[in-house]
Amino acid sequence: MKPVERYNPRVEEPRWQRAWEEKKSFVVADDDPREPYYVLEMFPYPSGRIHMGHVRNYSMGDVLARYKRARGFNVLHPMGWDAFGLPAENAAKQTGSHPKAWTYANIDTMRKQLKSMGLSFDWTREFATCDPEYYQRQQKLFLDFLKAGLVTRKSSKVNWDPVDETVLANEQVIDGRGWRSGALVEQRELTQWFFKISDYSEELLIALDGLNEWPDKVRTMQRNWIGKSEGLRLLFELVPSSLTSATAIEVFTTRPDTIFGASFIALSPDHPLAAEIARADAGVRAFIDEFHRQGTATETLEKAEKQGVFTGLSVKHPVRPDRTLPVYVANFVLMDYGAGAIFGCPAHDQRDLDFARKYGLNVIPVVLPPGADPEDFSVGEQAYVGPGTIYHSEFLDGLPVEAAKSEIARYFGERRVGNRPQGTVETQYRLRDWGISRQRYWGCPIPVIHCEEHGIVPVPDKDLPVRLPDDVTFDKPGNPLDHHPSWKHVPCPICGRPARRETDTMDTFVDSSWYFARFTAPHADAPTVPARANAWLPVDQYIGGVEHAILHLLYSRFFTRAMRKTGHLDLDEPFKGMFTQGMVVHETYRDRNGEWVLPADVTLEGMGGKRRATLTATGEPIEIGSIEKMSKSKKNVVDPDEIVRTYGADCARWFMLSDSPPERDVQWTEAGIEGASRFQQRVWKLVQDMIELRGGAAAPQAAPADAAALRKLVHRTIKSVGDNIEGLRFNSAVAHIYELTNGLTRFAATLESAPSAGGIAALAEGVETLVQIIAPMMPHLAESCWAALGKAGMVADARWPEADPALLVDDSVVIAVQVNGKRRGEITVPVGAPREHTEKEALSLEPVARMLDGRAPSKIIIVPDRIVNVVI
RNA sequence: GCGGGCGUGAUGGAAUGGUAGACAUACGGGACUUAAAAUCCCGGGGCUGUAAGCCGUGAGGGUUCAAGUCCCUCCGCCCGCACCA
């Protein structure tokens, strides 16, 4: 064959991108009669430039979208921007740029980058969440939720940075200090807006069972996050005291069966009764103040020792009025779970035991482990939390734990403290309402007005959107909206008197909680067009990082229900299929000063343990470090633009899909991307060889015998690649494509010496098929090959090839023959051969006969067309 | 602590309970070349000199005609949540 000119992605890729755009290949119509299919990848935050994680995410989604299109679906595959957020404000502070200008400039850059990857997005549906057209509808949703009773306002603790005068998220508090100012963070009570997600705790939990196209891991994480537990709310009567007028303390417990082991009561430092005691008791006051100083920074909580202070109060044991229990304030009791107070049973709860040991409280075992001797059993430093039989517990004695729980619940349910039942069975959830208030500029304004006369007044629909002012400054700490000279001063919509606009903006998680619905009608006046939303949703396949497994997905599930309640759509679950992709990782490199070095600046030599790295510019030795997620801070990043420029988008896409299962991390390597590039050229060469063969003189003889085998390979590959794409096993699909390519290349080589019309026809079918099945992954190369082969139209519009069922089955099959489960040889039998035939063939196999040595086998297992196992 | 996942050649990884290591990468050998690159072909889990054979999917046990796959115990690594009573 004559040498083939190399495929040049730099020329071919932009050409096909223009062609798709001109033909509006991926613009989707809502009234298309074909069955709808909605593929969505998590939209990016416009941080500046796309990174390899995006390349991986969008490559996967694009394969599925293109494949489903080829299978005859009307595919919705949109893209937008999660564009509000703190980095824009930080950039404003650092560089003086305006958040809006910064964000839209980033979007322009990233859009261009995404377009260079040849992704089949319907760009006519693009929006950014910071577009007033988007956040106007979000404000409308907020007001509808407010009207429907799904929004509430309450006081809540926040991390307050006294220097920056701002609220910090938990992850912005490092060692109890603000991440930017370094100031000690304080706890402050602030009145904030909340979405009542907890109204849906049970529904959100139950519905997880139906999400069978979600990873189990994600469902489990959500289950734990919702954190349902059944228990008893229980009243303890206070021993009358001059310290308080209160008469009882309410606690929540999931272990009412251990009531006879109770030895103290502990109140949260935030408990109202604790506050009351603290007013008169300096010791308690000091304890509570110290607790508040320590803050909610997670590390401090985790390491904190169990500590408490005695209040001077005591309560009566609810069954044994002769016993009293001391009441403490303890640092490990949470105010916002259960009743903000507990009874401590040290023998059967580790925290209570730690506390009891520290303060010398009784440890009374009341659950006897199976087989333990009641005379001998005692609790040391390890609380016993396992199953067992209740003892030392009067009428509960002898009952197993679960039975004792219901028995004691009934007992307390019948008794009264005052006019209330002493015990009430109750279900508790860990899930809290979703606080959405942020004291920030670059977010969606909360559309309410505070009037002295009329309180909270919703902004009337006609006044929406509440636009962010452009003329803000970031030179002062605090919320720029609050400093703005005029923005917040508005008349009350009811009385017209001077009132104050809400200056808090919404958590950016709100923006991403409904964007998937907006894509179904991105230009509508209302948040959605319900008929369209109902037709497209739920998203058939959602793809994104596992870091959003809890919050984003849970909030979206809540939003879908809230939008159903307010008439914006009519479904429960937004995402039918969910897939969490792995990260892109890379080796790290450091120079002799310990500074991180970019992979692009490093030269690598050798292999295995002998690998060496040097700085390309100077030859300075470089230390090769661990393999970690690509991050700017460790500089182990590879710029997608650079890769597209050097190898082309198709190679980047192919490599992202080929090397690892999509849910696992993939390691970016130079060798890997070069392998992709080599494959690209092989396909191109194969197509060129094919064209040359077709144009040459061929003997009119029938196809060679192996043409039949080739056709089988072709059709089996159609089947397996389709199945693998459907199952999102892209790496397996790639492997099968390699096998086909290897088969075709070898076959083409044999035709070279003996060209035959039949052989060329078989090869042509195979090559065309190859071009079609690589199209979802390497769409540009596929178009170039398609055109070179003289096929009409574009591959992007071609139907997926059909596997001929007749070619998927073989006439005969090679099956393994085992003796006692060990493989001893193989035989070839016709498919569906009768048992007798298979048995005879197997027994006549030399090693089998030798091992049998004349004896009769005791058993012969035959799995037709699979395996024979001769048991001696 | 609780929950989830993973552990297979030099490396990434394949394998509805049915021939372990597909496919790729790296490596070695060969062809082509003045040479190199590129390309093409061949090789490869370990042990026993070859063959026959034996061993082999983190370790140990079990279920089964048959286990990488199912069950139990343990070890290691990764991820998530974490004082939720």
Side-chain angles (χ1 to χ4, degrees), chain A residues 3-4 6 215-221 223-225 227-229 231-232 251-256 258 266 268 298 301-306 330-334 336-345 348-352 354-355 385 428-432 546-547 549-550 582 606-609 611 655 658-661 663-667 669-672 674-676 678-679 681-682 685 729 731-742 745-746 749 814-826 847 850 857-863 865-872:
Chain A
V4 171
R6 289 172 67 79
D216 286 342
K217 177 189 167 104
V218 173
R219 291 198 284 173
T220 307
M221 282 164 74
R223 249 178 229 119
N224 294 341
W225 190 259
K228 180 179 182 172
S229 56
L232 201 63
V251 306
F252 177 74
T253 179
T254 55
R255 292 300 302 274
T258 63
S268 163
T298 36
L301 278 183
E302 283 159 28
K303 289 173 198 149
E305 197 186 345
K306 305 277 173 289
N331 64 348
F332 66 96
V333 182
L334 305 172
D336 49 3
Y337 183 80
I342 58 154
F343 80 74
C345 175
H348 304 294
D349 183 288
Q350 192 59 44
R351 294 157 302 182
D352 297 350
D354 294 345
F355 192 80
V385 295
Q428 280 286 335
Y429 299 90
R430 221 180 68 105
L431 183 65
R432 310 287 155 72
V546 72
E547 68 273 19
I550 298 180
M607 63 166 299
R611 290 178 69 237
F655 176 46
S658 63
D659 240 35
S660 288
E663 69 278 10
R664 273 196 233 172
D665 291 350
V666 64
Q667 189 187 345
T669 60
E670 197 70 14
E674 273 167 9
R678 206 148 46 224
F679 175 72
Q681 297 300 340
R682 273 185 67 196
K685 181 171 187 304
R729 294 179 299 269
N731 56 322
S732 294
V734 164
H736 284 114
I737 290 174
Y738 271 116
E739 282 184 272
L740 176 61
T741 309
N742 291 344
T745 307
R746 248 174 252 133
V814 177
I815 64 177
V817 177
Q818 302 177 329
V819 176
N820 292 339
K822 275 201 167 56
R823 184 180 174 279
R824 296 294 167 184
E826 58 190 31
R850 177 155 42 77
S858 64
K859 201 171 179 184
I860 299 177
I861 312 278
I862 296 177
V863 182
D865 304 338
R866 288 222 86 112
I867 204 158
V868 179
N869 189 9
V870 179
V871 186
I872 300 177

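No experiment lies behind these values; they were computed from the predicted model shown. Each chain gets a letter, A, B and so on, in the order the sequences are listed, and its residues count up from 1. These numbers come from the heavy atoms of this one structure, side chains and all, not from hydrogens, waters or symmetry mates.
A search for side chain to side chain donor-acceptor pair (under 3.5 Å) contacts involving Q350(A) returns D354(A), not counting sequence neighbours. Residues satisfying the side chain to side chain donor-acceptor pair (under 3.5 Å) test with S229(A), not counting sequence neighbours, are Y337(A). Partners of R430(A) under the side chain to side chain donor-acceptor pair (under 3.5 Å) rule, at least two apart in sequence or in another chain, do not exist in this structure. When the ring pair (Phe, Tyr, Trp, His ring centres under 6.0 Å) test is applied to F332(A), the partners found at least two apart in sequence or on another chain are F355(A).
The CZ atom of F252(A) sits 17 Å away from the P atom of C83(B) (whole-angstrom rounding). To the nearest angstrom, P of A67(B) lies 16 Å from CZ of R823(A). In this structure, the CG atom of L334(A) is 10 Å from the P atom of A85(B), given to the nearest Å. R682(A) places its CZ atom 15 Å from the P atom of A38(B), with the value rounded to the nearest Å. Between R678(A) atom CZ and A38(B) atom P there is a gap of 8 Å when expressed in whole angstrom units. Spacing between atom CZ of F655(A) and atom P of A24(B) amounts to 15 Å, rounded to whole angstrom units. I861(A) has its CD1 atom 17 Å from the C1' atom of U19(B), to the nearest Å. Look at CZ on R432(A): it is 13 Å from C1' on C81(B), rounded to the nearest Å.
Between T669(A) and R664(A), it is R664(A) whose nearest contact on RNA chain B lies nearer the 5' terminus. With RNA chain B read from its 5' end, the first of the two nearest nucleotides for A816(A) and T253(A) is the one closest to A816(A).
Counting non-hydrogen atoms under 4.0 angstrom, Q818(A) reaches a base of the nucleic acid. Among the heavy atoms of the strands lying under 4.0 Å from T254(A) are primed sugar atoms or P, OP1, OP2 only; no base atom is included. Residue contacts for R223(A): at a heavy-atom cut-off of 4.0 Å it reaches no nucleic acid atom on any strand shown. Residue V333(A) is classed as a base contact, given a heavy-atom separation below 4.0 Å to a base. Counting non-hydrogen atoms under 4.0 angstrom, P661(A) reaches the backbone sugars and phosphates but no base. At the heavy-atom level, R824(A) lies under 4.0 Å from the strands shown only through sugar-phosphate atoms. Using a 4.0 Å heavy-atom criterion, one finds that N731(A) contacts the sugar-phosphate atoms exclusively. Nucleic acid contact class of N224(A) (heavy atoms, under 4.0 Å, all strands): sugar-phosphate only. Looking at heavy-atom distances under 4.0 Å, V863(A) makes contact with a base. At a threshold of 4.0 angstrom between heavy atoms, the contacts of V814(A) include nucleobase atoms, whether or not backbone atoms are also involved.
A20(B) and U57(B) are spaced 12 Å apart, taking the P atom of each and rounding to whole Å. Here, G60(B) and A67(B) have their C1' atoms 15 Å apart, quoted to the whole Å. Here the separation of G56(B) from G62(B), taken at their P atoms, is 14 Å to the nearest Å. With both ends at atom C1', the span from C70(B) to C65(B) equals 16 Å, rounded to whole Å. Taking atom C1' in both A31(B) and G9(B), one finds a spacing of 28 Å when rounded to whole Å. As rounded to the nearest Å, A15(B) and A82(B) have P atoms that lie 35 Å from one another. Rounded to the nearest Å, the gap between the P atom of U50(B) and that of G45(B) is 14 Å. Between C71(B) and U63(B), the two P atoms lie 15 Å apart (nearest whole Å).
In this structure the side chain of R6(A) reaches within 4.5 angstrom of the side chain of Q681(A), judged on heavy atoms. Under the 4.5 Å side-chain criterion, counting only non-hydrogen atoms from C-beta, R824(A) is not in contact with V870(A).
Distances from the side chain of T220(A) to the nucleotides G4(B), C65(B), A85(B) place G4(B) closest. Side-chain proximity of S660(A) to A15(B), G13(B), C83(B): nearest is G13(B). Side-chain proximity of D659(A) to A85(B), U19(B), G12(B): nearest is G12(B). Among the nucleotides C65(B), C23(B), C83(B), the one closest to any side-chain atom of V871(A) is C65(B). Taking the side chain of I342(A) as heavy atoms from C-beta on, and the options C23(B), A85(B), U19(B), the nearest nucleotide is A85(B).
Nearest heavy atom pair, residue N869(A) against residue G821(A), reads OD1-N, 2.9 Å.
Applying the 90° criterion around 0 to the glycosidic angle, G9(B) comes out syn.
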Could you write out each protein N or O paired with an N or O of nucleotides 41-48 of chain B at a distance under 3.5 Å?
none

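Put simply, the side chain of T258(A) never gets that close to the backbone of C345(A): no donor and acceptor are under 3.5 Å apart. S268(A) contributes no side-chain N or O that, together with a main-chain N or O of A341(A), makes up a donor-acceptor pair within less than 3.5 Å.
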So what is the 5' to 3' dot-bracket string for RNA chain B, if pairs are Watson-Crick or G-U wobble with both distances under 3.5 Å, crossing pairs use [ ] and | means the partner sits on another strand? (((((((..(((.....[....))).(((((.......))))).(((.....)))..(((((..]....))))))))))))....
Apply side chain to side chain contact (heavy atoms under 4.5 Å, CB included) to E826(A) and V817(A), showing your working. CA-CA 5 Å; E826(A) 58 190 31; V817(A) 177; 5.8 Å; no
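Look at R430(A) and you won't find any side-chain N or O under 4.0 angstrom from OP1 or OP2 of A85(B). Proximity of S229(A) to the phosphate of A85(B): a side-chain N or O atom is located under 4.0 Å from OP1 or OP2. An OP1 or OP2 oxygen of A22(B) is reached within less than 4.0 angstrom by no side-chain nitrogen or oxygen of Y738(A). In this model, the phosphate group of C65(B) is approached by a side-chain N or O of K859(A) to a distance below 4.0 Å at OP1 or OP2.
Judged by distance alone with a 3.5 Å cut-off, a donor-acceptor contact links the side chain of R866(A) to the base of U16(B).
Using a 4.0 Å cut-off between charged nitrogen and carboxylate oxygen, D349(A) and R255(A) do not count as a salt-bridge pair.
Residue I815(A) forms a side-chain contact (heavy atoms from CB on, under 4.5 Å) with just one option from V868(A), I862(A), V863(A), and that option is V868(A).
In this structure, CG in N731(A) is found 10.5 Å from NE2 in H736(A), a value given to the nearest 0.5 Å.
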